[in-house]
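I have placed the structure first, in the form of structure tokens, so that the comments after it can refer back to it.
Since the model is a prediction, treat every value here as computed from it, not as a measurement.
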Amino acid sequence: MTTQTTPAAAERHEATTTEPWRDVRRSAAERARALAAAMTLEEKLAQLVGVWVGADASGGGVAPHQADMTGRVPTWESVIEHGLGQLTRPYGTVPVTPEAGARSLERSQRDLVAASRFGIPAQVHEECLAGFAAWRATAYPVPLSWGASFDPELVEAMAARIGASMRAAGVHQGLAPVLDVTRDHRWGRTEETIGEDPYLVGTVGAAYVRGLESSGVVATLKHFAGYSASRAGRNLAPVAMGPREYADVILPPFETAVRHGRPRSVMHAYTDVDGMPSAADRSLLTGLLRETWGFDGTVVADYFGVRFLETLHKVAADGTDAARLALRAGVDVELPTVDAFGPALAEAVRRGDVEESLVDEALHRVLRQKVELGLVDPGWEPVPDGGAGLDLDDAAGRDLALRLAREAVVLLADDGGALPLASGARVAVVGPLADDPMAMLGCYSFPAHVGAQHPEVETGIDIPTVLAELGSRFDVEHARGCDVTGSDTSGFAAAVAAARGADVCVVAVGDRAGLFGRGTSGEGCDAADLRLPGVQEHLVRAVLATGTPVVLLLLTGRPYALGALLDEPTPPAAVVQAFFPGQLGGRAVAEVLAGEVSPSGRLPVSVPRDPGGQPATYLSAPLGLRSGVSSVDPTPAFPFGHGLSYATFAWEDAQVVGAAAGGPAPWPSDGDARVEVTVRNTGSVPGADVVQLYLHDAVAQVTRPVVRLVGYARVALDPGQAATVSFVVPADVTSFTGAHGRRVVEPGDVELRVSRSSADVVATLPLRLVGPEREVDHTRRLVTDVRVSGPESVPAVPGTHRENDHEEVSVG
């Protein structure tokens, strides 16, 4: 298609100097209104759809039911005739070099601008959950590792770097972060969640949003809301949950990200909650999100989610009915490709079956965002510098990936003898993941998400394995032992022999990420129980039986039950957990094992003891704990927040500032409580500790979790150094959904527990909320303010401050 000869192009060029929507002196809203007023119905609807021209209809897809849905895709020429809202994943569908992808994207955008009457380019979106999901792009640790770091500042820096690479490639929107609070670890997408605690998910998630948005890329919160709480941990299954759990566990991370991150897009969830699909829920997408929380961005459909109202949820008679329900609920853009928002919807609007005002509302939001992104400005270019020299895996990105991977490695258990590995030690490195680069990557990293379907194409990035990294440091012998899945134990003998001949044996077991049953973790890779896949647990037992000290290394996308291994006659000498730590995860793990880096990660999810004692997270009311009236003990092997270090830390002088001796400190129900604790590195190596603050509500009008996280701070200290951590806790963070369905701050006795984990309390500080019961709303304070004073201290959460050498630096 040539840009000089189309009638649309000629008409557009004649009007260039007079088009009000191109006038950068006007507000985005004014420009969007002027543009919308000039559009025909077909042109309006064209802005509300995406097109996935590279979608694979062969069945090897990357979205649920993709093979069923892609047969309806019209030709490229016909679909761009009236314009186009979005281009779906031009880099993230098949392996394409960054330079070739940029050239292809530029051609597509120029075709689109030339073909349509208004010459408006498409908004381009890509996945970016573990980095820009493109070939040869840096693969970062997955969100569970973000949570394990307890370091929002580093996550924000990572997201900014991801966003910068996407903008350089001509991408405008990223489909991340995932803010689902994991409720059942059997769910395959647990690896995509930040953890099982809404405060951690919200604060870390908001940091990711700030980073991505700072680069000019639209962040997309997903999946709104309830997706992670499906029955039996099955993907795309119904959610049975009461309004109190929904309000107090599921929604707060989204609210925190909207308030503290200011994202410009939200993606509805596939799921239905108590029979109401999210894509059709006006009370959720319009009433709560827009009218109450004040969100003014776009709501996009999860892939094929509009049509699913007909095909899966059975609440719509056909695609047009599904489109009506979605538009009425507040869905603005149909992704990934035009379907229910296509020609049949135009006919329904003309018949009066669907109000055109619904189309206009969505259109205004879409066009305003395009204006804000500069897509309607004179002189717009599809790809900065034409994509010349585009490097998606540069040194700066790899450095951030390594730093985050280091902070996310969790030392679960250590008898003090095996780790760090002694210099000159003979090390057996066994297990199916010891020499597997893919063991580092989650299912939304490009090599696992797309590359696995193209085995003829190289990975595109360097991913050193644990074996390679340990082999550069120690005398190693390797035996695979078994596969991640399957029942073949023929390799056990070699693994056992290697262990017997070594001073210590590192056993690397865990997951292989994939999609829709093509892996053991990832979207559609749900687990029946929490046993390690295949015969891996039997391999570990066989190696333990040799008597050689064993370091159990878990490279997984979810926590697995470890009780049986911990109860072996000779249990592992040490247990190390890494959640898909990214392309440099092998190096980070080796550095920890070798003692070059002191482990500082903390569990963002509980590690269960028994594979069948789930689902359960630490957010449990008293009835959910161990009792004498049930034979099932849900106590985890390792609790939320747990993690050890090679450094040792003393915590001193934990106190409620200003409290008098003898009785609970008064805490106004509309005020703040200030808690301080001093952390001192008493060991011989540098390290970082994570101070966690939990709330315990002694008596409440409804059952409450025994403890829940309300603040945390990551503190890095050299030997002998100390820092003081101060938490300013607003009474608002004690609020919950009360007996009458309203969120309240209830007077009465509470405790703030300064803790190393949800189960390891260093100091219990009694307080009494005084004053009237307060009903609070969306304007309440959501985050505890944290101040770390001392040398080499690290900011913790939004609103955090640090003081170095008495100089105060605000990072909030």
Side-chain angles (χ1 to χ4, degrees), residues 138-142 144-146 148-151 154 158 395-414 416-429 431 433-437 439-441 461-476 478 503-508 510 549 551-556 573-602 643-648 681 683-690 714 716-719 792 794:
T138 304
Y140 293 86
V142 300
L144 266 189
S145 280
W146 312 351
S149 77
F150 277 72
D151 191 349
L154 186 55
M158 174 196 69
R398 291 193 299 272
D399 177 67
L400 282 167
L402 177 59
R403 288 168 56 196
L404 185 56
R406 287 169 175 157
E407 291 191 1
V409 176
V410 187
L411 178 59
L412 296 180
D414 182 16
L419 291 180
L421 298 173
S423 177
R426 294 170 302 151
V427 182
V429 184
L433 300 182
D435 197 28
D436 185 355
M440 303 299 143
L441 306 184
I461 52 176
D462 184 31
I463 312 173
T465 67
V466 172
L467 176 66
E469 289 289 344
L470 288 178
S472 69
R473 293 165 170 83
F474 301 95
D475 176 15
V476 303
H478 170 59
D503 298 317
V504 65
C505 180
V506 176
V507 188
V551 176
L552 175 59
L553 172 60
L554 298 142
L555 299 166
T556 70
V575 182
V576 176
Q577 171 74 64
F579 297 108
F580 291 141
Q583 73 184 64
L584 290 167
R587 178 176 166 185
V589 167
E591 289 174 340
V592 168
L593 297 182
E596 298 164 17
V597 171
S598 181
S600 60
R602 301 295 183 265
L644 305 177
S645 175
Y646 300 149
T648 57
N681 184 338
S684 59
V685 297
D689 209 358
V690 178
R714 184 184 178 89
L717 297 169
D718 283 337
E792 299 184 18
V794 180

Interatomic distance, Thr465 atom OG1 to Asp436 atom CG [nearest 0.5 angstrom]: 8.5 Å
Gap between atom CD of Gln583 and atom CD1 of Ile461 - 0.5 Å precision: 4.0 Å
For the student: nearest non-hydrogen atoms of Leu419 and Tyr646, plus distance: CB-OH, 3.6 Å
Heavy-atom closest contact (Ala148 atom, Val410 atom, distance): CB-CG2, 4.2 Å
Taking every non-hydrogen atom, the tightest pair across Gly687 and Ala647: CA-CB, 4.1 Å
Met440 to Gly585 - nearest heavy-atom pair and separation: SD-C, 3.7 Å
Value rounded to 0.5 Å, distance of CG in Leu470 from CZ in Arg587: 13.5 Å
CG on Leu421 to CD on Glu596, rounded to 0.5 Å: 10.0 Å
Distance-minimising heavy-atom pair for Asn681 and Thr648: OD1-O, 3.3 Å
Pairs touching residues 574-586 that satisfy salt bridge (charged side-chain N to carboxylate O under 4.0 Å, His left out), sequence neighbours left out: none
Ion pair Arg403/Glu407, N-O distance below 4.0 Å: no
Nearest-0.5 Å distance that lies between atom CG in Leu553 and atom SG in Cys505: 11.0 Å
Taking every non-hydrogen atom, the tightest pair across Ser145 and Pro581: OG-CA, 4.2 Å
Stepwise side chain to side chain contact (heavy atoms under 4.5 Å, CB included) check, Tyr140 with Leu404: CA-CA 8 Å; Tyr140 293 86; Leu404 185 56; 5.6 Å; no
Side-chain donor-acceptor pair present, Ser600, Arg714, cut-off under 3.5 Å: yes
Distance (rounded to the nearest 0.5 Å) between Thr556 OG1 and Phe579 CZ: 5.0 Å
Stepwise side chain to side chain contact (heavy atoms under 4.5 Å, CB included) test for Leu400 and Thr138: CA-CA 10 Å; Leu400 282 167; Thr138 304; over 6 Å; no
